[in-house]
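Read the structure below first, then the notes.
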There are 2 protein chains.
Amino acid sequence: MKHFSELTPSAERVLDAAQSLLQQRGYSGFSIDDVAKDVGIRKPSVHHHFATKAELVATIVQRYAHRFEAELARIEAEQAAAPDRLAAYAGLFARTFADERRLCVCGMLGAEADALPAEVVLGVERFFAANVDWLARVIAHGQRNGLVRRKPGARELASMVFGALEGAMVLGRGMQTAAGPKEVGHTLLSLVLA
Amino acid sequence: MKHFSELTPSAERVLDAAQSLLQQRGYSGFSIDDVAKDVGIRKPSVHHHFATKAELVATIVQRYAHRFEAELARIEAEQAAAPDRLAAYAGLFARTFADERRLCVCGMLGAEADALPAEVVLGVERFFAANVDWLARVIAHGQRNGLVRRKPGARELASMVFGALEGAMVLGRGMQTAAGPKEVGHTLLSLVLA
DNA sequence: GTCTATATTGTGATAGAC
DNA sequence: GTCTATCACAATATAGAC
């Protein structure tokens, strides 16, 4: 598979359009032709950049995960205290959702996992693990400093926080009045602080 | 749309097979022919019971929501204390997930909402609202008795708990080592109790 | 990098017989 | 309630020209 950093500008436009469709409709819910129409080209031109749909989506996941991990690094650099890091983390989900109520790329794909090519599922697994690992580290740090409650372990809290934010995006789309990731982020924070 | 209580045994077999496929692969991820194959009949026989795919899935949602609400009523009858009711509630999600790592029907459909017929989305919205309403009532009751913490309001806690359990199912499929709804249920309970 | 044209398969849905 | 046969179209993907 191509690495996303070697993409031409045309390939990036294809990737952007496909990611948006993926976040709105899921892997099985959009076609190569949908992508082509959004970009303003024809189907075979999409295949010129990405031979198969699986490769296209695997590249989306790769780029998405890379960008996300860069955001995590930025948060750690900018925020020193665990509560501030957690608040900024929730903000990442809120920002994605604020843009046309888009779902997390990997949240969507995780739900569909059984219907996906193996190379896509692998990228999703890595993204999930990276998130839980990062959260567990931040939470453990906060627990040592007495800023985060100690009772459920760092890893249990991390899984719960990550899942709650992913779940909040799903609820937010299915239900107009539901709390989105922004509101759930606040609720989580007040529960998790010592 | 037909009501699920008037279904013939053959129609119920079709509905069962379709629901399983829906929970594993999503609305766009299974076809009428997939359903037919699982039941052991041909495509037109599926259409004989449900004229369109939209009607088939809308009926699944209707039946699923009805059964779920019956479970909620049973929990309220069997468990008097809010913490026990919440634990039993989380158990509903754990039980679904324990069966072949199936997703909640409406969790799956909520993620796909943008690609779905209106009659399906309407059923999903109703299911979400029923869950948050029920949880908010149970939590408010627990707050009055001093068994549930008072700080985030009942409705905020309810949205968070529901979303966390839905999210845990998504994580559980995408990531082998992740906490499923069972583990997340325990974490949630220990956070929410006073 | 993009196109037209095409192959192949899958899709939801219908007609009409048994 | 189920079937065969069929329709109209949409899907992923490829060949080969410009």
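What you see below is based on every heavy atom in this structure, not just the backbone, and it leaves out hydrogens, waters and symmetry mates. All chains are named by letter (A, B, ...) in the order of the sequence lines, taking the proteins before the strands, and each is independently numbered beginning at 1.
Qualifying ring pair (Phe, Tyr, Trp, His ring centres under 6.0 Å) partners for B/Phe162, counting only residues two or more places apart in sequence or in other chains: B/Phe128. Under the ring pair (Phe, Tyr, Trp, His ring centres under 6.0 Å) criterion, A/Phe30 pairs with no residue at all, not counting sequence neighbours. Residues passing the ring pair (Phe, Tyr, Trp, His ring centres under 6.0 Å) test with A/His48, sequence neighbours excluded: none. Scored by the side chain to side chain contact (heavy atoms under 4.5 Å, CB included) test, A/Thr8 finds A/Ser10, A/Ala11, A/His49 as partners (sequence neighbours excluded).
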inquiry  = Output the pairing pattern of DNA chain C as a dot-bracket string, 5' first, Watson-Crick or G-U wobble with both distances under 3.5 Å, | for cross-strand pairs, [ ] for crossing pairs.
reply    = |||||||.||||||||||

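Residues from residues 11-20 of chain A that place a heavy atom under 4.0 Å from any atom of DNA chain D: there are none.
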note = With sugar-phosphate taken as primed atoms, P, OP1 and OP2 and all else as base, the protein-contact string of nucleotides 11-18 of chain D at under 4.0 Å (heavy atoms; B, S, -) is SBBBB---

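In terms of phosphate contacts, B/His48 brings no side-chain nitrogen or oxygen within less than 4.0 Å of OP1 or OP2 of D/dT2. The side chain of B/Ser45 places no N or O atom within less than 4.0 Å of a non-bridging phosphate oxygen (OP1 or OP2) of D/dG1.
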Check: residues 179-194 of chain A side-chain donor-acceptor pairs under 3.5 Å, at least two apart:
| from | atom 1 | to | atom 2 | distance (Å) |
| --- | --- | --- | --- | --- |
| A/Glu183 | OE1 | A/Gly180 | N | 2.8 |
| A/Thr187 | OG1 | A/Glu183 | O | 3.2 |
| A/Ser190 | OG | A/Thr187 | O | 3.2 |

What donor-acceptor contacts under 3.5 angstrom involve side-chain atoms of residues 130-139 of chain B, with partners at least two apart or in another chain?
| from | atom 1 | to | atom 2 | distance (Å) |
| --- | --- | --- | --- | --- |
| B/Asn131 | OD1 | B/Tyr89 | OH | 2.6 |
| B/Asn131 | ND2 | B/Phe127 | O | 2.9 |
| B/Asp133 | OD1 | B/Arg155 | NH1 | 3.2 |
| B/Asp133 | OD1 | B/Arg155 | NH2 | 3.3 |
| B/Trp134 | NE1 | B/Glu76 | OE1 | 3.1 |
| B/Arg137 | NH1 | B/Glu76 | OE2 | 3.4 |

Show me the donor-acceptor pairs within less than 3.5 Å that the side chains of residues 32-42 of chain A make with the rest of the protein, sequence neighbours left out.
| from | atom 1 | to | atom 2 | distance (Å) |
| --- | --- | --- | --- | --- |
| A/Asp33 | OD2 | A/Lys37 | NZ | 2.9 |
| A/Asp34 | OD2 | A/Ser31 | N | 2.9 |
| A/Asp34 | OD2 | A/Ser31 | OG | 3.3 |

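Contacts classified as salt bridge (charged side-chain N to carboxylate O under 4.0 Å, His left out) and involving residues 95-106 of chain A (residues at least two apart or in different chains) are given here: A/Glu71-A/Arg95, A/Asp99-A/Arg102, A/Glu100-A/Arg102. Pairs engaging residues 104-119 of chain B under the salt bridge (charged side-chain N to carboxylate O under 4.0 Å, His left out) rule: A/Arg173-B/Asp114 [sequence neighbours left out].
Here the P atom of nucleotide C/dG10 and the NZ atom of B/Lys37 are 8 Å apart, to the nearest Å. Here the C1' atom of nucleotide D/dG1 and the CZ atom of B/Arg42 are 14 Å apart, to the nearest Å.
Not a single donor-acceptor pair under 3.5 Å links the side chain of A/Gln143 to the backbone N or O of A/Val148.
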